[in-house]
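The next block holds one structure in the form of C-alpha cells; read it before the comments.
This chain uses plain numbering: 1 for the first residue, then up along the sequence.
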Amino acid sequence: MTILNIAVAGCTGRMGKVLLEMIDEAPDLRLSAALEQKNNPFLKKDAGELIGAPCGIAISSDIASALNGSDILIDFTRPAGTLTHLALCREAGIKMVIGTTGFSAAEKEILNTASKELAIVFAPNMSVGVNVLFKLLEVAASSLLNEYDIEIVEAHHRHKVDAPSGTALRMGEIIAQTLKRDLGKVAVYGREGVTGERSAETIGFATIRGGDIVGDHTAIFAGTGERIEITHKASSRKTFAVGALRAARFLATRSTGLFDMQDVLGLR
C-alpha cells in the first residue's frame, strides 16, 4: 500500500484538528508536517497532542523546512496564507488541496497559473454532499430555465470572515452559467429600503452568521404556484475533511492541473 505524506496548514484550527484526527485514523496516510503562524502558542508542540495521539511531528511556522518530505499540503486557511504556501509548494513540487475561500479573481488566476506546474484540487466546499448538490443545481436550472426566481441563502458560525460563503457563490456561478447569465451583473447581495420590483434575471444572496453553525446552504427556485428548495446542511466538519482526504488521494496520480471536487467525484 502506498502511503501519502500529508501536511496540514492551520493545524490548530477547527478544520485542522479534524484533519489531524482523520489522517491519524487512515492506514494509507501519514502526517508529515503541521503548520501554523509564527505567533501560535502551540508552536514546537507535538501536533498529535491536539487530538490526544502524539505523533512526533512538531507544529512549525518554518513552512519551507517543515514541508520537506510531504507529498500534499491541505490548506483551509485564508487567501494570503494560502498564496504564501502555494509559492513554496511550487518551488518544492508539492501538490495542494485548497479549501480556502474568499479569493479575488486575480488570486484565482494565480492558482490557475500554478496548476501548470503542480496538481491542485481547489474547491470552495470539499463536502461530498455539497458537490452532489452542485450537480443537482445544474439539473434544476437547465430544466426550470428562466421561469423561476432564484435566491441563495447560507448560514455559518460567527467566526466566518467572508460573505457570502464560497459555497454560496459557487452555487450562484453554476446556476448563472447554466442559464447563460453573467453572475457579476445579476447577483444581488442583500436588500434594504425601497428596492423596486425584482428583476427576472436576478440571483439573490442572503447571509446569516451566528453561533456554531457549521454550514447551511439553500437554493430557492420560486415560480408561480410552486417553489423548489434544494438544501444541504452540514452538522460536522468531518464531512469537509472526508472530501479533502479523498481529494488528496485523487492527486496521488496527477502531476499537474487544476481540479475541483466534481473531478474528484467523477461528476463532470
Side-chain angles (χ1 to χ4, degrees), residues 8-10 13-19 22 72-79 81-82 96-105 107-108 111-112 115 120-141 150-178 183 187 189 203 205-210 212-220 229-251 258-268:
V8 176
R14 290 180 294 274
M15 267 304 302
K17 289 178 184 176
V18 175
L19 285 165
M22 299 198 71
I72 297 167
L73 171 63
I74 300 178
D75 191 324
F76 279 82
T77 59
R78 294 187 183 179
T82 299
M96 290 188 73
V97 173
I98 300 173
T100 304
T101 60
F103 288 108
S104 67
E107 288 169 335
K108 288 180 182 177
L111 300 184
N112 186 49
S115 72
I120 300 170
V121 171
F122 168 51
N125 194 310
M126 296 283 173
S127 159
V128 173
V130 159
N131 282 277
V132 171
L133 171 119
F134 289 161
K135 191 67 177 179
L136 293 175
L137 292 179
E138 186 181 329
V139 172
I150 300 161
E151 298 285 318
I152 296 169
V153 182
E154 60 99 341
H156 282 85
H157 52 86
R158 65 164 66 94
H159 304 292
K160 188 166 178 61
V161 298
D162 57 311
S165 69
T167 301
L169 290 171
R170 183 62 189 140
M171 291 166 69
E173 288 170 357
I174 290 167
I175 293 168
Q177 288 166 6
T178 303
L183 186 64
Y189 302 105
I203 297 177
F205 292 83
T207 296
I208 297 165
R209 293 287 177 267
D212 61 354
I213 301 169
V214 174
D216 295 353
H217 294 88
T218 297
I220 302 168
E229 297 184 5
I230 303 175
T231 297
H232 177 274
K233 295 187 178 184
S235 56
S236 168
R237 287 181 177 80
K238 280 195 172 182
T239 185
F240 310 126
V242 167
L245 297 181
R246 192 161 170 176
R249 294 181 178 103
F250 170 87
L251 287 180
L258 184 61
F259 307 96
D260 62 17
M261 287 300 291
Q262 300 290 297
D263 298 306
V264 173
L265 300 175
L267 293 174
R268 263 310 151 220

Answer whether the closest heavy-atom distance between the side chains of [X] and [Y] falls below 4.5 Å.
{"X": "Thr82", "Y": "Phe103", "value": "yes"}
{"X": "Asp263", "Y": "Val121", "value": "no"}
{"X": "Thr101", "Y": "Lys160", "value": "yes"}

Distance in Å, [X] [atom1] paired with [Y] [atom2], rounded so as to fall on 0.5 Å steps:
{"X": "Leu137", "Y": "Arg170", "atom1": "CG", "atom2": "CZ", "value": "10.0 Å"}
{"X": "Ile175", "Y": "Glu173", "atom1": "CD1", "atom2": "CD", "value": "10.5 Å"}
{"X": "Ile98", "Y": "Lys108", "atom1": "CD1", "atom2": "NZ", "value": "12.0 Å"}
{"X": "Leu169", "Y": "Asn125", "atom1": "CG", "atom2": "CG", "value": "12.0 Å"}
{"X": "His232", "Y": "Asn131", "atom1": "NE2", "atom2": "CG", "value": "9.0 Å"}
{"X": "Leu183", "Y": "Ile203", "atom1": "CG", "atom2": "CD1", "value": "5.5 Å"}

Exercise answer: donor-acceptor pairs, residues 213-220 side-chain atoms, under 3.5 Å, sequence neighbours excluded:
unit_1: His217; atom_1: NE2; unit_2: Ser165; atom_2: OG; d: 2.9
unit_1: Thr218; atom_1: OG1; unit_2: Thr231; atom_2: OG1; d: 2.8

Determine the minimum heavy-atom distance between [X] and [Y], stating which atoms define it.
{"X": "Ala244", "Y": "Leu19", "result": "CB-CD2, 4.2 Å"}
{"X": "Phe122", "Y": "Asp260", "result": "O-CB, 3.4 Å"}
{"X": "Gly102", "Y": "Glu107", "result": "O-OE1, 4.2 Å"}
{"X": "Phe205", "Y": "Ala168", "result": "CE2-O, 3.2 Å"}
{"X": "Asn112", "Y": "Ser115", "result": "O-OG, 2.6 Å"}
{"X": "Tyr189", "Y": "Pro164", "result": "CD2-CG, 3.6 Å"}

Any salt bridge (Lys or Arg N to Asp or Glu O under 4.0 Å) pairs touching residues 122-131, not counting sequence neighbours?
none
Strictly by salt bridge (Lys or Arg N to Asp or Glu O under 4.0 Å), give each pair with a member in residues 229-238 just once, sequence neighbours left out.
Arg227-Glu229
Validation row, ring centre Phe240 to ring centre Phe76 under 6.0 Å
no
With sequence neighbours left out, write down each residue that passes salt bridge (charged side-chain N to carboxylate O under 4.0 Å, His left out) with Arg14, or none if nothing qualifies.
none
With sequence neighbours left out, write down each residue that passes salt bridge (charged side-chain N to carboxylate O under 4.0 Å, His left out) with Arg209, or none if nothing qualifies.
Glu154
Residue list, side-chain hydrogen bond (donor to acceptor under 3.5 Å, both in side chains) with Glu151, at least two apart or on another chain:
Arg191, Arg198
Verdict with supporting geometry, Ser236 and Thr239, side-chain contact (heavy atoms from CB on, under 4.5 Å):
CA-CA 6 Å; Ser236 168; Thr239 185; 5.8 Å; no
Verify side-chain contact (heavy atoms from CB on, under 4.5 Å) between Thr178 and Val139, making sure each step is shown before the conclusion.
CA-CA 9 Å; Thr178 303; Val139 172; over 6 Å; no
Asp162 and Arg78: side-chain contact (heavy atoms from CB on, under 4.5 Å), yes or no, with the steps?
CA-CA 10 Å; Asp162 57 311; Arg78 294 187 183 179; over 6 Å; no
Could you please spell out the steps behind the side-chain contact (heavy atoms from CB on, under 4.5 Å) verdict for Leu265 and Phe250?
CA-CA 9 Å; Leu265 300 175; Phe250 170 87; over 6 Å; no
